[in-house]
Amino acid sequence: QKVCASLQWDDETLQKMLHPQPDILRPLYIYESKMAFLIRVASSPMGARDLVAMNCLAHLNECRFIDLRPGNHGNKAIGSIQGTAGFIPSTTIRYLQLLLPVLRFVLTLMTTSGPQQKEA
């Protein structure tokens, strides 16, 4: 339950990961680890049921970092695929690192829960 809630607590820090030059990338990698854990838990029927009961999707729904997708402003794209400073991935790549685990989690949860689970 604390892992689900911690995603909401980390929202502001994860939003900073989408700045052009984030201070550190450690929160991004911790987030990826948490999501990998949740995906693994959601892959079992009992785990999926528990995650639904803990309102894990509601916690993710409150996260604003999901809405901060890099977009186009005029003709200039914000966050090209190529990184800007050495090993720091581009804004687009970092956004995908945040978004794709959420999509995998929801897909795993829905697939494991099946049509009988209406709360998910």
Side-chain angles (χ1 to χ4, degrees):
Q1 185 171 7
K2 290 185 180 187
V3 175
C4 289
S6 74
L7 295 172
Q8 192 174 351
W9 301 331
D10 294 340
D11 184 43
E12 189 174 323
T13 304
L14 294 173
Q15 288 179 36
K16 291 178 184 175
M17 294 296 101
L18 297 173
H19 290 175
Q21 292 296 319
D23 294 333
I24 56 173
L25 294 176
R26 185 172 183 243
L28 177 62
Y29 302 130
I30 293 170
Y31 162 79
E32 286 179 319
S33 296
K34 288 178 185 179
M35 290 304 297
F37 172 73
L38 290 174
I39 290 167
R40 180 78 172 136
V41 171
S43 66
S44 75
M46 192 166 109
R49 202 170 31 254
D50 290 345
L51 290 172
V52 169
M54 288 184 257
N55 291 320
C56 206
L57 288 177
H59 288 292
L60 278 172
N61 188 46
E62 294 298 318
C63 294
R64 297 297 97 199
F65 70 84
I66 297 169
D67 298 328
L68 297 178
R69 63 185 168 275
N72 291 327
H73 294 274
N75 290 332
K76 184 177 179 184
I78 302 292
S80 64
I81 296 298
Q82 184 174 348
T84 55
F87 71 93
I88 298 176
S90 70
T91 307
T92 301
I93 297 297
R94 283 180 271 136
Y95 178 71
L96 290 174
Q97 286 178 278
L98 292 171
L99 178 65
L100 291 178
V102 172
L103 297 176
R104 282 187 200 110
F105 172 70
V106 171
L107 179 64
T108 303
L109 193 62
M110 295 297 174
T111 302
T112 306
S113 298
Q116 69 277 5
Q117 182 64 275
K118 300 206 186 307
E119 289 121 20

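- A distance of 7.0 Å separates CZ of Phe65 from CG of Leu7, quoted to the nearest 0.5 Å.
- Both Val106 and Leu103 sit in one connected hydrophobic cluster of ILVMFWY residues. Membership requires side-chain heavy atoms under 4.5 Å apart, directly or through other members.
- Leu38 and Leu99 fall within a single hydrophobic cluster, where Ile, Leu, Val, Met, Phe, Trp and Tyr side chains are chained together by heavy-atom contacts under 4.5 Å.
- The minimum heavy-atom distance between Ile88 and Leu25, with the atom names listed, is CA-CD1, 4.4 Å.
- Using a 4.5 Å cut-off between side-chain heavy atoms of Ile, Leu, Val, Met, Phe, Trp and Tyr, with links allowed through other members, Phe37 and Ile39 fall into the same hydrophobic cluster.
- The number of heavy atoms from other shown groups lying within 6.0 Å of CD (Glu32) is above 12.
- You'll find the side chain of Leu98 reaches within 4.5 Å of the side chain of Leu18, heavy atoms only.
- Atom CG of Asp23 sits in a sparse spot, with 12 or fewer heavy atoms from other residues, nucleotides or ligands closer than 6.0 Å.
- Within 6.0 Å of the OH atom in Tyr29, the count of heavy atoms belonging to other residues, nucleotides or ligands exceeds 12.
- Between the CG atom in Leu51 and the NE2 atom in His59 there is a gap of 10.5 Å [rounded to 0.5 Å].
- Taken together through direct or relayed side-chain contacts under 4.5 Å among Ile, Leu, Val, Met, Phe, Trp and Tyr, Met17 and Ile30 form parts of separate hydrophobic clusters.
- A distance of 9.5 Å separates CD of Gln8 from CG of Asn61, quoted to the nearest 0.5 Å.
- Contact annotation: the side chain of Leu57 approaches that of Phe105 to within less than 4.5 Å [non-hydrogen atoms, C-beta and beyond].
- Using a 4.5 Å cut-off on side-chain heavy atoms (C-beta onward), Asp10 and Pro27 make no contact.
- Between the SG atom of Cys4 and the CG atom of Asp50 there is a distance of 10.0 Å, given to the nearest 0.5 Å.
- Closest approach of Tyr95 to Arg69, counting heavy atoms only: CZ-CB, 3.2 Å.
- The nearest pair of heavy atoms linking Tyr31 to Gln97 is CE2-O, 3.7 Å.
- The heavy-atom pair separating Ser6 from Lys34 by the smallest distance is OG-NZ, 3.0 Å.
- Cluster annotation: Leu68 and Ile24 are assigned to distinct hydrophobic clusters (Ile/Leu/Val/Met/Phe/Trp/Tyr, side-chain heavy-atom contacts under 4.5 Å, transitive).
- Across every non-hydrogen atom of Pro20 and Arg94, the tightest pair is O-NH2, 3.3 Å.
- Under a 3.5 Å cut-off, the side chain of Ser43 and the backbone N or O of Arg40 do form a donor-acceptor pair.
- For Ala48 against Ala42, the heavy-atom pair with the smallest separation is CB-O, 3.6 Å.
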